[in-house]
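First up is the structure itself, then whatever we jot down about it.
Computed from a predicted model, the values in this text were never measured in an experiment. Positions are given from 1, in the same order as the sequence printed here.
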Amino acid sequence: MPFIQINLGAGRTPEQKDQLIRAVSAAAAEAISVPETSVRVWVVEVPATEVLVGGVTLAERQAAQPAGPA
């Protein structure tokens with residue numbers, strides 16, 4: 001029974017996280033030829049202030065992005 005933990009910087013919508021865990025579950029089941037009912041997938045969200053990429057926190061990157069359509 002595979003256990004898959006996804007560490008993800010906070011900021012995704014519930015719908016995005018749902019799509020991600022469903023896609024990972026299906027891919028894992030197919031890749032190792034097991035029923036999807038045996039696959040366990042979960043997301044651990046890391047606060048955006050605690051993820052650093054290239055000297056910039058994820059929170060800083062998110063703040064610098066232009067706002068999407070209202």
Could you tabulate the donor-acceptor pairs under 3.5 Å formed by side-chain atoms of residues 36-44, not counting sequence neighbours?
| unit_1 | atom_1 | unit_2 | atom_2 | d |
| --- | --- | --- | --- | --- |
| Glu36 | OE2 | Ser25 | OG | 2.9 |
| Glu36 | OE2 | Ala26 | N | 3.4 |
| Ser38 | OG | Pro35 | O | 2.8 |
| Arg40 | NH1 | Thr37 | O | 2.7 |
| Trp42 | NE1 | Gln5 | OE1 | 3.0 |

Taking salt bridge (Lys or Arg N to Asp or Glu O under 4.0 Å) as the cut-off, I'd like each qualifying pair that reaches into residues 21-33, sequence neighbours left out, listed once.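 Those involving residues 21-33 are Asp18-Arg22.
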Glu45: partners by salt bridge (charged side-chain N to carboxylate O under 4.0 Å, His left out), with sequence neighbours left out: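 Glu45: salt bridge (charged side-chain N to carboxylate O under 4.0 Å, His left out) contacts with Lys17.
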In terms of hydrophobic clustering (I, L, V, M, F, W, Y; side-chain heavy atoms under 4.5 Å; direct or indirect links), are [X] and [Y] co-clustered?
{"X": "Val46", "Y": "Val56", "answer": "no"}
{"X": "Ile32", "Y": "Phe3", "answer": "no"}
{"X": "Val34", "Y": "Ile4", "answer": "yes"}

Name all pairs fulfilling the side chain to side chain donor-acceptor pair (under 3.5 Å) condition that reach into residues 47-58, sequence neighbours left out, sorted by first residue then second.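 Qualifying pairs, neighbours excluded: Thr57-Glu60.
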If the condition is side-chain contact (heavy atoms from CB on, under 4.5 Å), which residues does [X] pass it with, not counting sequence neighbours?
{"X": "Ala48", "value": "Leu58, Ala59, Gln62"}
{"X": "Pro14", "value": "none"}
{"X": "Gln19", "value": "none"}

Minimum-distance pair of heavy atoms, taken over all atoms of Ala10 and Pro47: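 Closest approach of Ala10 to Pro47: CB-CA, 4.2 Å.
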Would you give the length of the straight line joining atom CG of Leu20 to atom CD1 of Ile6, rounded to the nearest 0.5 angstrom?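 Separation between the atoms: 4.0 Å.
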